[in-house]
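Only heavy atoms go into these numbers, but all of them, side chains included; no hydrogens, no water, no symmetry mates. Just so we're on the same page: letters track the sequence lines, and every chain starts at 1.
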Number of protein chains: 2
Amino acid sequence: MKLKTKDSNTETDILNAAEVIFQRKGLDGARMQEIADEAGINKALLHYYFRSKQLLFETVFHKAFSLIAPQIKAILDDNSSIDDKIKNFTNNYIAFISEHPYLPNFIFQELNRNTDFISKVQKTIGFPTIDKFKKQLEREVKKGTIIPIKAEQLFINILALNIFPFLAKPLIKSITNTDENTFNHLMEERKTEVSNFIINAIKRK
Amino acid sequence: MKLKTKDSNTETDILNAAEVIFQRKGLDGARMQEIADEAGINKALLHYYFRSKQLLFETVFHKAFSLIAPQIKAILDDNSSIDDKIKNFTNNYIAFISEHPYLPNFIFQELNRNTDFISKVQKTIGFPTIDKFKKQLEREVKKGTIIPIKAEQLFINILALNIFPFLAKPLIKSITNTDENTFNHLMEERKTEVSNFIINAIKRK
DNA sequence: GTATGGTTTAACCAAATGGTTAACAAAGGT
DNA sequence: ACCTTTGTTAACCATTTGGTTAAACCATAC
């Protein structure tokens, strides 16, 4: 028998369980019964609290996306220097994902499967645009501290180098023939490796 | 009524249809009936030719993976210089994916969902390891033409910068506020942008 | 022509799945 | 004590889904 403490009510139990199952199996692969089991409750309760699978899923997705959005916002809307943005994002993001390894896959997969999610989420979350970053970068390029590069391309590169390894984990582990520990060690190294790489790439010679 | 030409038999019709549906919806999201409709045949024929959904899926996945594997192999096992490897892969891969935009998502998603796929595929396809590339890179680093960097990290970076934009397409389009055409144009630019970026990053100053 | 073999289909089936219902339990207010 | 609201459950339901079957179709060989 499950005892409820003050901070463990059924609703958050369900959300936590749904998070685990959806991130592991995706929207289509997840079973409502499986989520109920994971939460240790009756299946009908899922519908009592969240009406439908779709709504439960959207709640989970929204929550997941809310965790990542601010970090991207930091690159685009922050007042720090380009160098600092790169260093901070690299360091913070890799640390963050190491705690939530399923998150990137979950988000990108469902974003691709259901394209209108992004417009839905865009409305509810304060969603960043690239404009400010663009101006900042143009200033730096004009100053001559940075080689000419489009803001869009640099932004893509920053995201790519940080996020991709976690999306491609099984492939990378297989090709580089590394076990879980060695992979984690590689990611740990990337906290500085990646920012050095980027800064080196855009620095004037 | 569908006429069969010499090179259009039912089996390849099914494979083509399955490719489309599986890449669009994933293993769990795809419906056998939908694949049959796409192929313009009776659902029972799917089982006549491929026994089960799982086997049909594995055939499609295997085929998809076979398209990408040789390109990765080119980085790792080729005899060309590091610079050429980067230039060629960048140029070829981006061109290739522009023709098969669903491919990367499909592969990485299912690779994450079903980890033992990779060992299955590894057995049937001549699958590259990183050893040769590692030695080549160590030689270059010792020569002093390239800054010190681990082969694993450089390899990850090359893949990341090339593959990630296609995985993150919906997010990127949304944040950079670009339409389909502009996105494609950005990718076209990356054919040279990415290799310059990488080479700049690893070149001795 | 008709026997033979692979190919294709409509109809069918059992299991699984998201969702509902009605009854019951707990909690809280009066 | 009694009633109302909220939370929880077992049983149930309609539909969907992967898969099967038995009969029909059709080319080719005899």
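Between B:Ile41 atom CD1 and D:dC25 atom P there is a gap of 19 Å when expressed in whole angstrom units. For the pair A:Glu11 CD and D:dT6 C1', the interatomic distance rounds to 13 Å; values are reported in whole Å. A straight line from CG of A:Asp37 to P of D:dA10 spans 11 Å, rounded to a whole angstrom. D:dT8 atom P lies 8 Å from atom OH of A:Tyr48, rounded to whole Å. Here the P atom of nucleotide D:dT17 and the CD atom of B:Gln54 are 18 Å apart, to the nearest Å. Protein atom CG of B:Leu46 is 12 Å distant from nucleotide atom P of D:dT20, rounded to whole Å. Distance A:Lys43 NZ to C:dT20 C1': 9 Å, rounded to the nearest Å. Spacing between atom CG of A:Asn42 and atom P of C:dG19 amounts to 15 Å, rounded to whole angstrom units.
No engagement by A:Phe50 is indicated, since no non-hydrogen atom pair under 4.0 Å with the nucleic acid exists.
Considering only residues two or more places apart in sequence or on other chains, A:Phe22 meets the ring pair (Phe, Tyr, Trp, His ring centres under 6.0 Å) condition with A:Phe57. Not a single ring pair (Phe, Tyr, Trp, His ring centres under 6.0 Å) links A:His62 to another residue, sequence neighbours left out. With sequence neighbours excluded, the residues satisfying salt bridge (charged side-chain N to carboxylate O under 4.0 Å, His left out) with B:Lys63 are B:Glu19. Remark: B:Asp37 pairs with B:Gln33 by the side chain to side chain donor-acceptor pair (under 3.5 Å) rule, at least two apart or across chains.
OP1 or OP2 of D:dT8 lies within a sub-4.0 Å distance of a side-chain N or O belonging to A:Thr10. For the pair A:Tyr49 and D:dT8, the criterion of a side-chain N or O lying under 4.0 Å from OP1 or OP2 is met. The side chain of A:Ser52 contributes no N or O atom lying less than 4.0 Å from OP1 or OP2 of C:dG18.
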Show me the donor-acceptor pairs, under 3.5 Å and distance only, between side chains in residues 40-52 of chain B and residues at least two apart or in other chains.
from	atom 1	to	atom 2	distance (Å)
B:Asn42	OD1	B:Ala44	N	2.8
B:Ser52	OG	B:Leu55	N	3.2

Sequence neighbours left out, cut at 3.5 Å: what donor-acceptor pairs do the side chains of residues 163-174 of chain A make with other protein atoms?
from	atom 1	to	atom 2	distance (Å)
A:Lys169	NZ	A:Glu180	OE2	2.8
A:Lys173	NZ	A:Glu180	OE1	2.6
A:Ser174	OG	B:Gln122	NE2	2.9

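Aromatic pair B:Phe89/B:Tyr93: centroids less than 6.0 angstrom apart.
The side-chain heavy atoms of A:Leu27 and B:Asp28, taken from C-beta on, include no pair separated by under 4.5 Å.
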Please tabulate, one pair per line, each protein N/O and nucleotide N/O from nucleotides 13-17 of chain C that are separated by under 3.5 Å, including the distance.
from	atom 1	to	atom 2	distance (Å)
C:dT17	OP1	A:Arg31	NE	2.8

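For the segment residues 16-28 of chain B, no residue has any heavy atom less than 4.0 angstrom from an atom of DNA chain D.
Every pair passing salt bridge (Lys or Arg N to Asp or Glu O under 4.0 Å) that includes a residue from residues 77-88 of chain A is listed here, sequence neighbours excluded: A:Lys73-A:Asp77.
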